[in-house]
There are 2 protein chains.
Amino acid sequence: MKKKNVTINNIAVAAGVSKTTVSFAFNYPERISKKIYDKIMRIAENLEYVPNPIARTLTTKKDGSIGLLFPQSIEKAFSNPYLAELLRGIGSICIEYDSAITLVAPEQNDIGKAVRHAAVDAFIAVGLEEYMITFQILKARQIPFICIDAVTEEDIYTVISEDELGAYILMNEVISYGHREIAVISLKPSKIFVATRNSAVNDLRIKGVSAASVKKEVNLHFFNSDCSIEGGMDAASLIFSNSSPGRKITSIVCLSDIIALGVYKYCAEHKLNIPGDISVCGFDDIPGASLVSPGLTTMRQFIYKKGRSAGKMVFEILNTGTSIRRICLKPELVKRGSLGRIEINDL
Amino acid sequence: MKKKNVTINNIAVAAGVSKTTVSFAFNYPERISKKIYDKIMRIAENLEYVPNPIARTLTTKKDGSIGLLFPQSIEKAFSNPYLAELLRGIGSICIEYDSAITLVAPEQNDIGKAVRHAAVDAFIAVGLEEYMITFQILKARQIPFICIDAVTEEDIYTVISEDELGAYILMNEVISYGHREIAVISLKPSKIFVATRNSAVNDLRIKGVSAASVKKEVNLHFFNSDCSIEGGMDAASLIFSNSSPGRKITSIVCLSDIIALGVYKYCAEHKLNIPGDISVCGFDDIPGASLVSPGLTTMRQFIYKKGRSAGKMVFEILNTGTSIRRICLKPELVKRGSLGRIEINDL
DNA sequence: TTGAAAGCGTTACCAT
DNA sequence: ATGGTAACGCTTTCAA
């Protein structure tokens with residue numbers, strides 16, 4: 001069914017030279033005579049010879065691809081623009097090193113299997129938690145790996161944002177606008193793993209919003225949502241049907257922009273004005289946050305830059321054997337129009 | 001700098017069995033005695049042995065990854081949610097076959113190099129044009145490949161939308177709303193290739209909008225934009241500064257949603273009301289199109305489904321050696337609120 | 001059920 | 001500058 005591959009051998013025979021010479025022609029053209037080079041290339045072209053990248057990899061031990069590992073399906077992972085933005089950042093570095101990116105999702109719900117099978121030079125794991133068994137497998141693979149958005153041991157390469165601080169600042173902003181009854185929509189853990197365990201990022205952000213709310217007469221109402229538009233819509237519907245009598249929620253703090261966009265969509269469908277009827281904030285500053293109206297007030301976390309940092313780190317490790325252990329990015333409050341002021345007598 | 005890898009050999013020696021037996025333990029556990037299996041596994045675990053996927057690939061000739069090929073950098077390609085959506089569709093199929101996806105962008109501006117180097121089982125090429133030399137290289141690689149969004153020879157596997165028809169319908173809709181002076185923002189070709197040649201998709205869409213406008217006293221004003229938010233903003237700025245005296249453009253038809261979102265952003269920044277001051281339509285129906293307000297009227301082209309179709313096709317070829325040659329998806333007009341009605345006396 | 005040996009297609013090392 | 005030969009680490013006959 002498939003033609004027999006033409007190998008370097010065929011070329012060598014046809015050209016009347018050794019395999020080495022052919023190999024040189026492709027990899028170090030300057031080391032052989034122009035005449036022989038041309039001959040080899042002509043024959044290679046006629047025979048439609050293409051070097052087998054796998055065989056090359058076996059000897060060079062360089063695959064030319066970085067694995068991007070995440071604990072969800074590709075379908076799910078890319079429903080949040082966050083990952084695409086991260087990917088852009090990583091890609092902007094990979095291109096400098098002529099490296100591809102291999103998207104590695106769990107196989108048969110087992111991320112360990114995927115890690116074992118992936119032919120890559122290094123892994124960038126996003127959203128992996130240290131308690132996960134994947135970590136052991138990752139270590140066993142004997143190739144470098146770094147983590148994005150994970151709280152890890154000292155000796156593991158990590159790129160992370162100051163999520164707790166970010167959440168703290170964001171909540172302070174909301175409170176300073178006079179809000180007292182505040183819904184917080186947190187991130188539902190990916191169900192592939194221990195469903196009872198929240199992600200480190202989520203924990204950090206909850207810690208931050210809680211710390212900001214502790215001293216005042218502020219009431220936080222916690223909700224939980226899948227990281228998607230639909231999740232946000234569902235959570236919003238719950239919030240608006242559930243608000244306890246007497247106390248009306250005036251603001252929704254979403255621990256992820258994509259959730260906030262879901263809330264926006266719900267509000268649009270229910271003729272709820274933002275920020276007139278309800279204030280909304282997000283977290284991340286994905287590209288869509290500046291496109292909706294009013295613009296979404298959010299904690300920017302420089303996703304693209306985070307990807308670049310991770311990319312730089314990975315290639316530094318690959319090339320020099322080591323790197324800074326941990327990069328921590330500072331978030332930044334982006335004020336757009338989705339947060340309204342509440343006067344005391346409004347309550 | 002890197003530890004010596006522990007190989008199947010080490011395990012065999014340590015366990016006092018042959019390499020074959022160890023290999024069986026990992027691949028056909030049922031064929032060896034439970035006792036030996038356990039022993040091997042225990043030793044493998046202690047030594048932190050992980051089979052080398054590259055070596056495996058060299059013999060099995062299955063890499064476990066599909067290459068997604070595009071003629072731009074990853075950074076650029078993923079700035080349009082279109083690709084992420086396509087990826088989601090492809091990913092939804094790959095997961096069924098335990099396959100990863102390798103993102104293959106040009107190396108040193110040379111997509112051919114990237115094609116040669118990528119260790120993948122098959123390629124899905126998006127936005128490649130047949131006149132490009134890449135096609136020859138793709139063929140030479142002797143692995144299956146299919147094209148998305150390309151006009152190709154008969155015998156090449158292709159998934160495409162009826163872009164011309166879609167553009168025709170869309171433009172008809174705009175005209176039926178009374179618009180007569182219409183700006184069309186088309187897609188600037190990716191500059192990696194012949195810059196003077198437009199993409200097939202773009203050609204088709206232009207053909208469609210033109211065909212719809214030919215009989216009436218409709219004036220099309222053509223502009224050109226990079227497929228990005230920024231591109232859309234720039235084009236909008238040009239349109240609003242350029243509109244010829246006397247004749248005012250009342251509607252902007254963007255041949256891609258992402259461009260339309262850029263136009264939205266420009267309008268928001270310049271206090272231009274959509275559709276009050278200007279009507280806007282898009283093409284594709286990316287997720288963001290339903291998030292902005294007013295919702296973007298656009299030609300939906302079922303991007304996710306397109307990805308799924310491509311994924312199915314590729315695995316069918318891989319598994320059976322062949323498949324349907326060409327899948328053509330029908331687009332669908334999605335009316336939201338961005339298209340306003342023009343009364344004759346408005347003009 | 002287990003073992004020996006032959007590939008898989010390349011690159012790398014050491015001569016010449 | 002060119003050639004011979006040994007890896008690279010696994011899977012897969014074929015025998016035992």
Side-chain angles (χ1 to χ4, degrees), chain A residues 2-41 43-44 47-64 116-121 140-143, chain B residues 2-41 43-44 47-64 116-121 140-143:
Chain A
K2 214 172 282 179
K3 298 181 211 171
K4 177 135 185 51
N5 284 332
V6 9
T7 74
I8 203 171
N9 246 314
N10 301 291
I11 309 298
V13 171
V17 297
S18 77
K19 292 196 282 184
T20 315
T21 310
V22 179
S23 178
F24 274 17
F26 279 92
N27 299 304
Y28 314 98
E30 68 280 6
R31 291 203 204 166
I32 62 176
S33 68
K34 174 108 181 71
K35 199 171 150 183
I36 295 204
Y37 173 85
D38 287 341
K39 186 175 181 186
I40 290 175
M41 283 308 169
I43 293 176
L47 267 46
E48 296 193 322
Y49 164 73
V50 173
N52 179 331
I54 297 294
R56 189 216 297 285
T57 301
L58 187 60
T59 54
T60 60
K61 300 185 166 307
K62 296 234 85 222
D63 190 89
R116 285 186 231 272
H117 291 168
V120 297
D121 291 327
R141 271 259 351 225
Q142 304 280 35
I143 58 176
Chain B
K2 213 171 283 179
K3 299 182 211 170
K4 176 133 184 53
N5 283 333
V6 9
T7 74
I8 203 170
N9 244 315
N10 302 288
I11 309 298
V13 171
V17 298
S18 78
K19 293 194 281 185
T20 316
T21 310
V22 179
S23 177
F24 275 16
F26 279 92
N27 299 306
Y28 315 98
E30 67 281 5
R31 290 204 204 165
I32 62 176
S33 68
K34 174 108 181 72
K35 201 171 148 183
I36 295 202
Y37 174 83
D38 287 340
K39 188 175 181 187
I40 290 175
M41 282 310 168
I43 293 175
L47 268 45
E48 296 191 321
Y49 165 73
V50 173
N52 178 328
I54 296 294
R56 189 216 296 287
T57 301
L58 188 58
T59 55
T60 60
K61 297 182 170 310
K62 296 233 85 220
D63 189 89
R116 284 186 231 272
H117 291 168
V120 296
D121 292 327
R141 270 269 337 235
Q142 303 281 31
I143 59 178

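Being a predicted model, the structure only gives us computed values, none of them experimental. Within every chain, numbering begins at 1; the chains are lettered A, B, ... in the order of the sequence lines, protein sequences first and strands thereafter.
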Counting only side-chain heavy atoms from C-beta out, which of [options] sits nearest to [X]?
X: B:T7; options: D:dT2, D:dG9, D:dT11; value: D:dG9
X: A:N52; options: C:dT10, D:dC10, D:dT2; value: C:dT10
X: A:K19; options: D:dG9, D:dT11, D:dT5; value: D:dT5
X: A:T21; options: C:dT10, D:dG3, C:dA12; value: D:dG3
X: B:Y28; options: C:dT10, D:dT11, D:dT12; value: D:dT12
X: A:T59; options: C:dT10, C:dG3, D:dG3; value: C:dT10
X: B:N27; options: D:dT11, D:dG3, C:dT11; value: D:dT11

Please report the closest heavy-atom contact between [X] and [Y], naming both atoms and the distance.
X: A:L47; Y: A:V6; value: O-CG1, 3.4 Å
X: B:I143; Y: B:V120; value: CD1-O, 3.6 Å
X: B:R141; Y: A:V50; value: CD-CG1, 3.6 Å
X: A:A119; Y: B:I54; value: CB-CD1, 3.5 Å

Task: Between B:Y37 and B:F26, ring centroids under 6.0 Å - done: no
Counting any heavy atom closer than 4.0 Å, what does [X] reach on the DNA or RNA strands: base, sugar-phosphate only, or nothing?
X: A:L58; value: base
X: B:S33; value: sugar-phosphate
X: B:Y37; value: nothing
X: B:F26; value: nothing
X: A:P51; value: sugar-phosphate
X: A:T20; value: base
X: A:I54; value: nothing

Can you check whether [X] has a side-chain N or O nearer than 4.0 Å to OP1 or OP2 of [N]?
X: B:K62; N: D:dT11; result: no
X: B:R31; N: C:dT1; result: no
X: B:S23; N: D:dC10; result: no

How many Å lie between [atom1] on [X] and [atom2] on [N], as a whole number?
X: A:R56; N: D:dA7; atom1: CZ; atom2: C1'; value: 17 Å
X: B:N9; N: D:dC10; atom1: CG; atom2: P; value: 8 Å
X: A:I8; N: C:dC8; atom1: CD1; atom2: P; value: 15 Å
X: A:I36; N: D:dA1; atom1: CD1; atom2: P; value: 11 Å
X: A:F24; N: C:dT11; atom1: CZ; atom2: P; value: 10 Å
X: B:I32; N: C:dT1; atom1: CD1; atom2: P; value: 10 Å
X: A:R116; N: D:dG9; atom1: CZ; atom2: P; value: 18 Å
X: A:D63; N: D:dC8; atom1: CG; atom2: P; value: 18 Å

- [ ] Measure the NZ-OG1 distance between A:K62 and A:T57 for me, rounded to the nearest 0.5 Å.
- [x] 10.0 Å
